[in-house]
Amino acid sequence: MKSGFGLLARGAAAIVTALFLNAQALVPAHAAGVLREATIGEPPPLDVMVTTADVATVIGRHMFETLYAWDSSYTPQPMLADSDRVEDGGKTIIIKLREGVQFHNGKEMTAKDVVASMERWGKFGARGKLLMGSATSVEATGKYEVTLKLSAPNGAWKNLVSDVNGGLAIYPEEIASKATGQPIDQKDYIGTGPYKFKEWRPNRYVELEKFAGYKPRKEKGDGFAGARVANFDSIRFIPVPDVGTRVSGVQAGDYDYAEMISGDLYDGLSKDKSVQVQRTNAPIFGLFFMNSKEGILKDNFKLRRAIQTALDKSQALRVAFGPQDLWKAEGSIVPKGTPWYSTAGIEAYSPHDAKKAKELAKEAGYTGQPIRLLVSTNYQAHYDEAAVFTKQLAEAGINVQMNVVDWATLLKMRGQADQWDIFVTHHSFFPDPILFTFLNASYPGWWDTPEIQKLRTELVNSSDQTARKATWDKIQALIYEQVPVMKVGDAYTYDIASSKLKDLNPNGPAFWNVSTK
Amino acid sequence: MWSYALKRAGATAVTLWAASVIIFAFIHVIPGDPIYVLLGDTATPDQIDRLRHELGLDQPIVVQYLQWAGHALTGDLGRSIFFQAPVASVIADGAETSILLATMTMVWVVLIGVPIGTIAAVRHGTWLDQGLSGAAMFFASVPTFWVGLYLILIFAATLGWLPSSGYPSIFEGGLGNLRYLLLPSLTLAAPNAALILRLTRASMLDVAREDYVRTARAKGIRPWQVVRRHILRNALLTVVSAFGFTFAALMSEAVVTETVFALPGIGRLVVQSILRRDYPVIQGIILVIVVIYLIINLLVDLAYRLLDPRVELQ
């Protein structure tokens, strides 16, 4: 017994000493030229056409490219496209492709690859229906020319083909034409981006490596648009679920970049010289969807207005996001500084008037019946907002019962109209309102009144920006009148990077053009 | 001994089958399914239905069970929906981390828990015993994420002696990579060593009251010999069975520590797979965990006999 125990003790002491002595020399063990990004978790498959999960988009954006790409003001600029022509009153779109673009398998990209990708995107892509739903044909009308014919003009077409998130990433023809609704296999992760897929070690990392055959565009890099230059040999996306560990990891030099840091750490990190704080230029916004299909809120717009009247959105935003730098109580659905900013109806955004809310509720025939609010704890902000609102509504005599579930359960339950009256989610920034989920009549909430049907058609089928903006103003006013959804406010998430990195992308984590000082 | 082992193996197979039915049923009873998580927030209902059909998740639950069980019998645990890789290889990758972490933690638990527990028992009632037991209570009570984050803050972020998180395989970076597991194993060892310490102390105090101890003392054997040969050795029987289950628990329940240190272990894999409803991975891992518990249980029983030849195996 004694000798066994003593052996164990001596062995352990020797190993610990060796590990500590070696530690100094071994800590910077990462090879030079590897950028290590700490992500919030493991991504789903990286078939960016079919998934809209952000963690897959961030990685996928380095491998796959789109015909257009957003610059730092979120205006679409040509990426794989060279130029375009719109004819027939907006119903025919002719896209000329860049020549000499290579896929990671060495093959040159031609119109056939783009056509096959568009077909797969139209059938199975998360956002494909929005453009391809009205397509009558898509053809290769030359080696480097694609012609898309639509049954009605689509004013948002360029924005719809400018992002990989559920979007039109260009895959090689042989992969796109065989692909179904199932995510494509890892061996088929072949794009045209500056980095190519190397390996995926479950729960350890996804590694991309520099693509030697990449030819950057001539224009200067700006946001996601323009030249993309890979300055690192490889990038490792490492899942680090705990936010404290992501922060310590960057401070300790184990990671170069960490995503989605919590609001309570913002002030401290802003003063920390070893890291740089990178606040997003595109806010996300919380949304409370009302059930327009069944239940107490189905078409009782007055009761919905009573609910919104009782709320103080600033209070919820402060609880959910912390420092004032990280949120804005903004009633316009699209933030200031974009062409879609609108003040229509925003006086009803956050009145915080319990007395008026009570009166409205009474007029609406509300007598204290429970209103079921479905919320998940996977996103702390959702829960915080719901908790604050529930309390504010109680003060106005509105009885909200929170049903707290996990995210996967919420996603399923919200599809069942008899299970909820309000559910909580959030929406990413998008530079054209056409992609907002609440305008989609089949998205849970199912807002499809005759008024919105008419305005939706107007918004989609016009390609004149002034007319479209006028329609959007009407839609926003209608949103404050019928309240199919309540906007909580704008939240600016932030990441941190090692102070050694320079030229970080203002649009979010994209590591082409980034280099070390 | 061999007939005993065989009998146990038979019972193990029945337990496994029952466990597989329960696992499958429970996982599919949880609302939600992987399709929603896979396709993201904006997926359309027909996109969801189509993919559910392609993955075979729209078939009756019994059919799904039989297909899975049939494959599992041939050693094929299926493919992960999210990792797009065979479940067996996903588990094997996680198992390396978990086994090494659990082993290192057990080394600390034994090195800290048993000697200090012995000292506390020998000096019981004194200020030393009070102090050690108090410290043990403290470490058994503080949450592991708190200990973990402080260790990271001190040894990684401030002193820079050890890596903050992650674990690259020793098969790729050599044994030096074990340094990634130093802080996590100490974090996990804190509450477990405290429990072993208290268990060692309590069971030694029990044994010390036995007649044969008094006899040994009366024979004039030196006090430390009495403690080592007569008290500790007998007291260890209880402690060893606790070792077995602590080890099994460390393999599967180290989820908080694995999350804090971003370790690619089994615990985190299970929780993440449950959140994403990656059915094949959850089923595979729980099955493997059940097997591990059954094996450890068996080994503990056999170890009893080695420690105490009077124990009969039946």
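Sequence lines set the chain letters: A, B, ... in the order given, protein chains first and strands last, and positions in each chain run from 1.
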[X], part contacting chain B, at a heavy-atom distance under 4.5 Å:
X      : answer
A/S248 : both
A/F124 : both
A/N378 : side chain
A/S274 : neither
A/P183 : both
A/R127 : side chain
A/D185 : both

How far does [atom1] of [X] sit from [atom2] of [Y], to the nearest 0.5 angstrom?
X      : Y      : atom1 : atom2 : value
A/N203 : B/E258 : CG    : CD    : 8.5 Å
A/E42  : B/R268 : CD    : CZ    : 7.0 Å
A/K187 : B/Q84  : NZ    : CD    : 10.0 Å
A/Q182 : B/L55  : CD    : CG    : 4.5 Å
B/F83  : A/R201 : CZ    : CZ    : 12.0 Å

>> Taking the basic N atoms (NZ, or NE/NH1/NH2) and the acidic carboxylate oxygens, is any pair closer than 4.0 Å for A/R204 and B/E172?
In response: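 The answer is no: the pair does not qualify as a salt bridge.
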
>> I want to check something: taking the side chain as every heavy atom from C-beta on, are A/V50 and B/L39 in contact at a cut-off of under 4.5 Å?
In response: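 Heavy-atom side-chain distance check passes, below 4.5 Å.
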
> Going by heavy atoms in the side chains, are B/R277 and A/T409 under 4.5 Å from each other?
Replying inline: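 Yes. Closest side-chain heavy atoms under 4.5 Å.
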
Engaged part of [X] at the chain A interface, taking heavy atoms whose separation is under 4.5 Å:
X      : value
B/E54  : both
B/R276 : side chain
B/Y167 : both
B/I35  : neither
B/S169 : both

>> Taking every non-hydrogen pair under 4.5 Å, which of B/L51, B/D93, B/I152 racks up the most with chain A?
In response: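 Going by pairs under 4.5 Å, I would pick B/D93.
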
> Quick one: of B/S80, B/A262, B/P264, who has the most non-hydrogen atom pairs under 4.5 Å with chain A?
Replying inline: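 The answer is B/P264.
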
>> Between B/T259 and A/D242, is the side chain to side chain donor-acceptor pair (under 3.5 Å) condition met? List the steps.
In response: CA-CA 6 Å; B/T259 304; A/D242 187 87; over 6 Å; no

